[in-house]
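In what follows, chains are A, B, ... by sequence order, proteins preceding strands, each numbered from 1.
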Number of protein chains: 2
Amino acid sequence: MASSITVHDVAKAAGVSASTVSRALSGNAAVAATTRNRVVEVARQLGYQPNLAARGLITGTTHNIGLVVPDLENPYFASITKSVQSRALASGYSVFIADSDEDTRTELELVHQLSKQVDGLILCSPRMSTSDIAGIAGQTMMVLINREWEGLASVVIDDAEIVRLALEHLHALGHRKVAYVGGPETSWSNQKRWAAIERFAPTFDDLEVSKVGSYAPNFDGGQSAADVVLASGATAAFAYNDLVGLGLLARLNTRGVRVPEDLSVMGIDDVNVATLVSPGLTTVRSPLKKVGRFAVNKLIDLMSPTDRPSSTEDLPVQLVVRQSTSVPPQRR
Amino acid sequence: MASSITVHDVAKAAGVSASTVSRALSGNAAVAATTRNRVVEVARQLGYQPNLAARGLITGTTHNIGLVVPDLENPYFASITKSVQSRALASGYSVFIADSDEDTRTELELVHQLSKQVDGLILCSPRMSTSDIAGIAGQTMMVLINREWEGLASVVIDDAEIVRLALEHLHALGHRKVAYVGGPETSWSNQKRWAAIERFAPTFDDLEVSKVGSYAPNFDGGQSAADVVLASGATAAFAYNDLVGLGLLARLNTRGVRVPEDLSVMGIDDVNVATLVSPGLTTVRSPLKKVGRFAVNKLIDLMSPTDRPSSTEDLPVQLVVRQSTSVPPQRR
DNA sequence: TTGTAAGCGTTATCAC
DNA sequence: GTGATAACGCTTACAA
């Protein structure tokens, strides 16, 4: 709680009333210039810091926001979190962080714990049930990330475009049999991606995309999938995300399968760690930093609507080719 | 801020006074069993959630803590952050997160912004000046991570033991010329590690450890260092942390240097991503999850001292050997 | 332009 | 065991 210098301390020291101090410091009320200067100076000397909780009690606004993510150790969410916090700071907001550890129940608990002390929530929860989301939305201002529901504000990456770019790339390299290594069935993004595959695959000549199981959206999931992918006879694996892609690479390396000569591997997102390996992981970059920024913008706009709503720029995805050779597989 | 059901709403609905509601719900005051049950039931039905800000105003305790880290995208800090939040949740605390983006000024700004709305702070800031730390400590309850200063509470990993284990391992493999790839000069851990090297190196027969520059504590830093390390004639590189180690591996791979046959590489920490590459990175594991947990324990103990202070278990570090061959280098 | 007073949602004190 | 009442630090009518 820090040292307790209150408006009253400042008021006494400056020889004015508490309300004058409040007005002088808030800036937007009518106060004599000389009085204001004196108050401001005294406040500075005393090291006065307003108690935001008390202010929130009366203004009804805390200048705090909450961010709920499934796993902070996942570089995908780490990037989003970082940009959310950075953008929030720029607007004078503090950020409560809540890591649900992929658990939907914990997620709800966290949301409730936070909802009373924030002006709004950013919810990054691929798996929460829609009814739970609706319930929260009724209580608190909210922006969804990578998910859409009714009229709720949301920031979504263009899954269809991601899929289109990837298929286009693989097809251009000569691949005709591609295995999509799916993420959790309940994941909203996973559903969108598979739907996009079913929509776009037929538009490419002779392209066949099969779905390989449902795997955990991480390194282990990719390792588990590798052998099944190999057995499927596909010449390219298209992973649900980069971590799965890296898991594939690791297991393939263990089995002595050459990448990309024997099997090409693509990921999604271009998370920070995707550059760590060699051969690199070809991927479609998701603008994660922008996602976080936009989410905060939308939330702030929701909380205090301005005349011109937050610019509705888009979120471009982008193919990033890293695997050294672009040779089509021999066995087509 | 959520729906505004207050104690008064509950009081009216239950036919009692606001103070009785408060007592019934807090649990520790004397209240008739029947009254309590009725109040609790009504509160549940109405979906009452106490306003923690208001409570904090009078109790002087917010049940919020703040965590300041230099970079959330660094898996080292991501792990600590995750465990801090997890442990805090278990004790009913919410966590403000503050990423300073490695900038000391931002760090101070964040601390000030937070200090009034938290009961205590966990500061993970390898580079903040001691005077700034002292200043904050005078204002707010605080626990330092990987840093020590005067009488301040802190949780530190045993840098000396890390260094000892690493040197012992390398020496046992036959290495006699080792290059330590240093992190930022201003980093507290880096200073401790180098000091430990100077202390322990002479205790191993014929072992010579040279310091190679000061590099950024990340992947890029490692890449930059690789060529200098090679030129140094060392048979093993001991990196400031895993990310630097991974950067070394990547650049060595590019240059066609075989690891570990031509050059062995060790990291520190065993962050999550260290397992992503092959050959794996041999490293000394830092118990990051435990560090976060302990920090919260210490902070809670500081804020509300109990009879038995938080158990003072230690933080064991542990060698993790991953590089496939243990053959000593030919050129000794 | 400034001060006084009321109130935000809680809990603590003190009567009853 | 329970209910008024005051108080936490702040902002904002309303007066002056």
| Presence of A:Ser22 side-chain N/O under 4.0 Å of D:dT11 phosphate oxygens OP1/OP2 | yes
| query | Could you give the CG-to-P distance, from A:Asn51 to C:dT10, as a whole number of Å? | reply | 16 Å
| query | Across the strands shown, which category fits A:Ala30 at heavy-atom distances under 4.0 angstrom: base, sugar-phosphate, nothing? | reply | base
| message | Checking side-chain polar atoms at under 3.5 Å, does A:Thr62 have a donor or acceptor matched by the opposite partner on A:Gln117? | response | no
| remark: Of all heavy-atom pairs linking B:Leu315 and B:Val156, the shortest is CD1-O, 3.5 Å
| What closest approach, in Å, do B:Ile80 and B:Leu288 show between heavy atoms, and which atom pair accounts for it? | CG1-O, 4.1 Å
| request: Quickly work out the B:Tyr48 OH to C:dG9 P distance and round it to whole Å. | output: 10 Å
| field | Distance, rounded to the nearest Å, where B:Arg23 contributes CZ and C:dT13 contributes P | value | 12 Å
| field | Of B:Thr34 and B:Arg55, the one whose closest DNA chain D nucleotide lies more 5' | value | B:Thr34
| request: Just compare C:dT4, C:dA12, D:dT2 and give me whichever is closest to any side-chain atom of A:Ser17. | output: C:dT4
| said: Using a 4.0 Å heavy-atom cut-off, does A:Thr35 contact any base of the nucleic acid, only the sugar-phosphate backbone, or nothing at all? | reply: sugar-phosphate
| query | Where each residue is assigned the nucleotide of DNA chain D containing its nearest heavy atom, which of B:Gly15 and A:Val21 is assigned the position nearer the 5′ end? | reply | B:Gly15
| message | Please pick, from C:dT10, D:dC10, C:dG3, the nucleotide with the shortest atom-to-atom distance to any side-chain atom of A:Thr20. | response | C:dG3
| request: Check whether any side-chain N or O of B:Thr6 sits under 3.5 Å from a backbone N or O of B:His8 as a donor-acceptor pair, and report yes or no. | output: yes
| Roughly how many Å is it from CD in A:Gln117 to P in C:dT10, rounded to a whole number? | 12 Å
| Protein-nucleotide distance (B:Leu25, atom CG; C:dG9, atom P), rounded to Å | 16 Å
| request: Nearest whole angstrom, please: distance from the P of C:dT1 to the CG of A:Asn37. | output: 14 Å
| Can you find a donor-acceptor pair, distance only, under 3.5 Å between B:Ser19 side chain and D:dA4 base? | yes
| field | Residue A:Thr59, side-chain atoms from C-beta onward, closest of C:dA12, D:dC10, D:dT12 | value | D:dT12
| What integer distance in Å separates B:Lys12:NZ from C:dG9:P? | 12 Å
| Any luck finding a side-chain donor-acceptor pair between B:Ser187 and B:Asn190 under 3.5 Å? | no
| task | Could you work out which one of D:dC10, D:dC8, D:dG3 sits closest to the side chain of B:Val16? | result | D:dG3
| field | Atom-to-atom span, CZ of B:Arg36 to C1' of D:dT2 - whole angstrom | value | 13 Å
| Of the nucleotides C:dT2, D:dC10, C:dC8, which one has an atom closest to the side chain of A:Leu57? | C:dC8
